[in-house]
Amino acid sequence: MYAVYFKPKQLNIFILISFNYNTNKEILKLKEIKFFKKEKVVINYQEDKKLELIQEQETPKHIIISNLIKLLNQYLSGKSLDLIEKIDELNIELDLNEKFPTPFSNSIIEIVKKLKRGEIITYSDIGNKIGSKAYRAIGNVLRNNPLPLIIPCHRVIKKSGNIGGFMGKIDQGWQQNLKKKLLAIERFKTF
DNA sequence: AGGTCATCTCACC
DNA sequence: GGTGAGATGACCT
């Protein structure tokens, strides 16, 4: 499995992307997008998971991934674009089936996938849509989202209007601040 | 079978 | 505004 990481200009975090590449089909399969506060921790994680950091070169694999990074930078700088649509055009697939194998988790992800930039929904709303009162279980599914930004789980907030969890954290931390920033980037200045 | 959760509601203060 | 108990259900071990 391969990986790249980068630091967007607008945010004081590092973003690691891990993926597989099928040379025959020329398709890049996104495995995980993960946020880090410190570069040292990114390196530790990459070594620990034995991810191969890809080098700067003009292979198809590298071109796709550099386009993806360009896209994410544009998105994070406030450009109005729909990540999930653009990604489809780049020969990129999302690897989700093993993370969300059950009908319950699947239906939640389908709903969250359809959220447009600037749109928000509550855990409660999702529960109503799928006919379940297991609001905490919905949170648990989103907690395991391997592809934040692309599966826009930051657009799911609490019914009370509070921000709700992000990256497994429910109390004040840089993770919540990141969720707020992402919503602010999408013009929700109230958070 | 029992514990863990990125929630909600309702009853208080 | 805030806190705490109870409901709630999927998903782990």
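Below, read A as the first sequence line, B as the second, and so on, with proteins coming before strands; counting in each chain starts at 1. Everything quoted here is computed from the prediction, not taken from an experiment. Note that these values count all heavy atoms, side chains included, but never hydrogens, waters or copies made by symmetry.
- Asn128(A) has its CG atom 13 Å from the P atom of dG9(C), to the nearest Å.
- The side chain of Arg143(A) contributes an N or O atom lying less than 4.0 Å from OP1 or OP2 of dA6(B).
- Nucleic acid contact for Thr102(A): sugar-phosphate only, since backbone atoms but no base atoms lie under 4.0 Å from a heavy atom of the residue.
- Rounded to whole Å, the distance from CZ on Arg136(A) to P on dA10(C) is 14 Å.
- Under a cutoff of 6.0 Å and an axis angle of 45°, Lys61(A) and Tyr2(A) form a cation-pi pair.
- Between the side chains of Glu186(A) and His154(A), at least one donor-acceptor pair of N or O atoms lies under 3.5 Å.
- Atom CG of Asn177(A) and atom C1' of dA6(B) are 15 Å apart (whole Å).
- Leu142(A) comes within 4.0 angstrom of a nucleotide base, judged by non-hydrogen atoms across all strands.
- Remark on DNA chain C: of its neighbouring residues Val141(A) and Tyr135(A), the 5'-side contact belongs to Tyr135(A), judged by nearest-heavy-atom nucleotide.
- Nearest-nucleotide positions on DNA chain B place Ala137(A) closer to the 5' end than the other of Ser160(A) and Ala137(A).
- Nearer to the 5' terminus of DNA chain B, by closest-nucleotide assignment, is the contact made by Asn140(A) (compared with the other of Asn140(A) and Thr122(A)).
- Among the atoms of the strands shown, base atoms are found under 4.0 Å from some heavy atom of Tyr123(A).
- Of the side-chain N and O atoms in Lys159(A), one or more sit less than 4.0 angstrom from OP1 or OP2 of dT9(B).
- Side-chain contact, Tyr21(A) with Glu26(A): no donor N or O sits under 3.5 Å from an acceptor N or O.
- Side-chain atoms of Leu30(A) and Asp95(A), non-hydrogen and from C-beta on, never get closer than 4.5 Å to each other.
- The CD atom of Glu110(A) sits 8.5 Å away from the CG atom of Leu96(A) when rounded to the nearest 0.5 Å.
- Atom pair Leu183(A):CG and dA6(B):P shows a separation of 18 Å (rounding to whole Å applied).
- Regarding Leu182(A), its CG atom lies at a distance of 18 Å from the P atom of dA6(B), rounded to whole Å.
- As rounded to whole Å, 10 Å separates atom C1' of dA6(B) from atom CZ of Phe166(A).
- With both pairing distances under 3.5 Å, dA6(B) is matched to nothing as a Watson-Crick or G-U wobble pair.
- Atom CG of Asn144(A) is separated from atom P of dT4(B) by 17 Å (rounded to the nearest Å).
- Pairing partner, dT8(C): none, since no Watson-Crick or wobble contact has both distances short of 3.5 Å.
- Protein atom CD1 of Ile108(A) is 12 Å distant from nucleotide atom C1' of dT7(B), rounded to whole Å.
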